[in-house]
Amino acid sequence: MPSSFVYPEFDSLRSLFSSVATINGVGPTTAHLLQKLGCTIIRDLLWHLPQEVQIRRFSPAIKFACPNELITLQVRVINHSVLRKQKGRLTSYRVICSDSEDSIELVFFNPNLSYLKNALVVGSEVIISGRFEIYKGRFQMTHPDHIGPLTSRAFWEGAEPIYPLTQGLPQKMLQKIIKASLIKCPQLPEWLSSHILKKYHWPSWQTALQKLHSPSHENDLHLGHTCRRRLAYDEILSNQLSLILTRCQAEVAQGHALTGDGHLQQKVLETLPFNLTQDQVKALAEIQQDMASSSRMVRLLQGDVGSGKTIVAFLCMVKAVEAGYQVALLAPTEILARQHYKTMEDWARTAGVSLELLIGKDTTKRRQKIYQSLAEGDVNIVIGTHALIQPEVQFKNLGFIVIDEQHRFGVEQRLNLSEKGINIDILSMTATPIPRTLMLTVFGDLSSSYLRQKPSNRKDIITTTIPLARLNEIVMSLKRALHKGDKVYWVCPLIEESESLDLAAAEERFAMLQTLFPEKVGLIHGRLRSHEKEVTMQAFIEGSIKILVATTVIEVGVHVEDASVIIIEHAERFGLAQLHQLRGRIGRGSQESYCLLLYGESLNPTARARLNVMRSTTDGFKIAEEDLKLRGGGEAFGVKQSGMPSFKFFDPIAHQDLLLQAHDNARAILSKDPHLLGPQGQALRILLRLFEKEQTFKYLKAA
Ligand code: ADP
Ligand code: MG
C-alpha cells in the first residue's frame, strides 16, 4: 500500500484507506485478485458497484417454483443414488429431497462424495438454492448454488448484487468481502449543503453506498438513481473544486505584462494576402488582452483544422517580441514543426524578427549554435519539437510559449518548458474541439478563444460513404480525378493496434495503386525516417506524386493546399475525432474537395451513425457534440486527446446537469471560504482526500 494512502489528519478516512487485507478472510491471494479489480483499499471495494441484480425467491413449496427460476427451497433429504458409472468412476449422482407434497432431484456430475454425504444427511432438513428445472416431468436442480442449514435461508433469499469479477474470485466471496467493507464504512461529515441534499432528495454518502450495494430491482443500478447521482455529484464536485483551486493559483501568479506598440505586428498584417476573419480578430484581441495583463496567461485557442490558428498565434508571438521577450512554439511532431517554420519564415522576415527551428535530428554543431543564440537572446522566436524541452535549451528572457496540439504533450513536458522562464504566458492550441460539457471537467474555467468560422474563400467538402466492395468504381473515379489534376490522400487504417499489420495493409494498397498509376503514387508511414517522409511529402506538394498512400501519420497538421480528395479505407474503424482530423487535410484551397469514406462489411449501428454524422456536417464543434452522444465505452471525442480524467461514477451524458450544478457550487463555496476552513470546508477537504485530490491542498492554508 503506497504511503500516500495514509491520512492521519483525517481520522474518519483511516478505515477507508486501509488495505483490503484488513478484512477478515482476505489473505494475500484474495488481496491480489481484488487488486486485479482495482481494489487495493476498503474505499475501492465500496466503489466497486454491482452491474446486475439477481432476484432469488424463497418458495414455501416445490410446486410453487417456476421452470428456470432461481429459487431457494427448504427440503428434507430422502436418499442418495448413483445415476451412472463409467469405467468404475462415478460420473453422475443424485439426491432425492422432498417437501410435504413433492420431491425434487438434486443432480451432480463428478461429485465430491464426502462433501455431499456431509451436507445432505439423509433425514435432515436443509436449505437449497439454484435454478429450478423440469426434466422429463420430474423436478430437479443441477448443481445447486447453495446447500446449507436452515439458518442460511436469509442469505439466499431476495435480491443479490452481482459484481464484475476477475478469474478465480467467486461471486459469493466478493459479495461477502464487500459486505464486510460496508460494515467498515464510516459516516463521514456531510460536505454537501442541506439545500442541495433537499433539492435532489439525496441521502448521506454512507447511505448512498449502502443502498447501491443492496439493489432490489434493476432500476437501482441505473445511472439516474438518486444514490448513484449523489456519488457522481461528489466526484464531479471534487473535480471542480480542485480545478478551480489550481486555476486560481495560476492566475494569482504574477506574470509579464506583454505589451508592444504593434509596429511589428502591423508589418505582418499589411503583407497578408487576406483579411482576418471576425473570429480571428476577436481571438487575437482576447489573447492580447491576457498577455498585456500583469497576471499570468493560460489560454486555449480552439479551432478546427484550417480555421487559421497559425496566423493568430504568430501575431501574438510578434507582439511578445515587440515587448522585448523571446518566444517558443512547441509542436508535437517534426513535420508540424517544419511546417510552422515554413509558414512563419516569410512573416518573420517581413516583421524583421529572427526565427529558428530546433528539432531532435539537428546536428550537434547546429544545435550548439542555436543554444548559444537562444541564451544570448539573438533568436526572437524558436519553433521546435520535444528538443525544446531539453535542459540544454536556455533562454535569455523567454516570455511567451505557444503549444500546438497541446493534448499531445504531457503535463510534465509543458511544465518543463514553462520553467525556462518566469511565469511565462502560455497559449495552447487545439484542433480537437472539446464539447463544452467536457471542457469543464478537463480544464474547469480555462479561458478559451474560438475560431468557428472558416476563412471565407473555402469551398465545402463533399463527403460520401461507399462500401469497400465497390473498390473498382472508386479506382475508376480516381482515374478521372487524377485526370482533372487532383491530388489524393489515401488513408489506410490502423489494424488491431498493430503497427506492422498496419504497415502491411498500406504497403499492399500502395503496390496495387502503383500498378494502376505508375510513378504517381507515394507511401508515407510512421516507420520511415524523417528525411524519407520529407522527400515523399515534398514530391506530393510539388505534384510529381499525385496519390499519397498513408497511415494515420498524416492526421495532424500536414498542409498541402491543393490536395482535394481524401479516401479513407475502413472509415468505420476510426473515431469521429480522427475522421474529422483526416478530412481536415483537404478543403484547404479554393477548389471543390471530396472525402470518400470506404466501409467494410460489418457495420455496427454506432459506426453507421458516425459515418452519417461525417456526411451531414463539417463543423467540428457539432461533430464533437454528436460524438459525445454516440460514444461507446467512454471513447468520446477529444476525451483521450484532451486528457479527460476517467471518472468512477460521473457520466458526462447522464449527469450533465450535475456538472453545471457542481461547477457553480464549487465557485460559490470557494468564493465564500477560499481556504476551506469553515465546517463545510473541512468536510470538503475530506471529500478531496477521498478522491485523491490532495495535490490541491498546497493551495489551501493549513486548517
Ligand atoms: P489551422 O492551424 O487552424 O489548422 P492554418 O492556420 O494552418 O489552420 O490555416 C489554414 C490556411 O488558411 C493557411 O493557408 C492560412 O494561410 C489560411 N488562412 C488563415 N486565415 C485566413 C483568412 N482569414 N482568410 C483566408 N485564408 C486564411
Ligand atoms: Mg495548425
Side-chain angles (χ1 to χ4, degrees), residues 265 267-287 299-318 329-351 355 381 383 385 402-408 427-434 448-461 487 489 537 540-541 554-564 566 577-591 593 595 618-621 623-624 638 641:
Q265 210 181 52
K267 283 190 202 170
V268 180
L269 282 169
E270 272 163 15
T271 54
L272 278 186
F274 50 74
N275 292 323
L276 296 183
T277 63
Q278 272 175 8
D279 279 0
Q280 282 173 318
V281 172
K282 181 157 172 262
L284 190 61
E286 287 167 352
I287 300 164
R299 184 174 272 276
L300 184 66
L301 177 60
Q302 288 195 64
D304 248 332
V305 269
S307 60
K309 295 184 291 295
T310 319
I311 184 65
V312 174
F314 187 77
L315 290 168
C316 298
M317 288 155 75
V318 289
L329 188 160
L330 182 63
T333 65
E334 219 171 287
I335 295 189
L336 261 179
R338 283 180 192 282
Q339 194 173 292
H340 280 309
Y341 181 76
K342 235 185 85 205
T343 314
M344 293 184 176
E345 218 177 1
D346 292 339
W347 297 335
R349 201 174 307 116
T350 312
L355 183 74
I381 299 177
I383 296 172
T385 53
V402 178
I403 304 177
D404 195 15
E405 301 295 334
Q406 58 93 28
H407 54 268
R408 312 239 308 196
L427 177 68
S428 300
M429 301 200 285
T430 179
T432 306
I434 306 164
S448 231
S449 296
Y450 295 89
L451 303 182
R452 291 175 193 278
Q453 300 165 307
K454 292 263 159 71
S456 57
N457 55 358
R458 302 288 152 73
K459 283 247 173 65
D460 258 357
I461 300 172
K487 283 185 191 167
Y489 290 109
M537 276 316 294
F540 188 55
I541 290 168
I554 65 156
E555 188 186 333
V556 176
V558 177
H559 183 63
V560 180
E561 199 158 295
D562 58 350
S564 55
I566 189 162
Q578 255 179 326
L579 289 174
H580 178 64
Q581 289 272 355
L582 286 168
R583 185 168 58 182
R585 297 306 108 213
I586 58 168
R588 303 189 140 222
S590 49
Q591 75 271 47
S593 300
C595 170
T618 51
D619 178 340
F621 291 97
I623 295 177
Q641 292 92 324

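Just so it is clear, the values below take in all heavy atoms, side chains as well, and ignore hydrogens, waters and symmetry mates. Order of listing sets the numbers, starting from 1, for every ligand and every atom in it. Sequential numbering from 1 along the given sequence is applied to the chain's residues.
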Salt-bridge contact D346-R349 (side-chain N to carboxylate O under 4.0 Å)
yes
Could you check whether D562 pairs with K487 (Lys NZ or Arg NE/NH1/NH2 to Asp/Glu carboxylate O, under 4.0 Å)?
yes
Is the side chain of Q280 donor-acceptor paired with the backbone N or O of T277 at a distance under 3.5 Å, no angle test?
yes
Please confirm whether the backbone N or O of S593 pairs with a side-chain atom of S564, one donor and one acceptor, at under 3.5 Å?
no
Provide the number and element of each atom of ligand 1 under 4.0 Å from a heavy atom of [X].
X: E561; value: 14 (O)
X: T277; value: 23 (N)
X: G308; value: 1 (P), 3 (O), 5 (P), 6 (O), 8 (O), 9 (O), 19 (C)
X: T310; value: 2 (O), 5 (P), 6 (O), 7 (O)

Hey, does S307 sit under 4.0 Å from ligand 1 if you only count heavy atoms?
yes
contact_flag D304 ligand 1 heavy-atom lt 4.0 Å
yes
State whether the number of non-hydrogen atoms from other residues, nucleotides or ligands found under 6.0 Å of E345 atom CD is greater than 12.
yes
For ligand 1, is any non-hydrogen atom under 4.0 Å from N275's backbone (N, CA, C, O), its side chain (CB onward), both, or neither?
backbone
Where on M429 is there a heavy atom closer than 4.0 Å to ligand 1, on the side chain, on the backbone, on both, or on neither?
neither
Could an N or O of ligand 1 be found under 3.5 Å from any N or O of L276, whether backbone or side chain?
no
What I want to know is whether G306 and ligand 1 share at least one N or O pair that is separated by under 3.5 angstrom.
yes
Do R583 and T618 pair up side chain to side chain, a donor and an acceptor below 3.5 Å, judged on atom types alone?
no
Counterpart residues, ring pair (Phe, Tyr, Trp, His ring centres under 6.0 Å), relative to Y341 (two or more places apart):
none
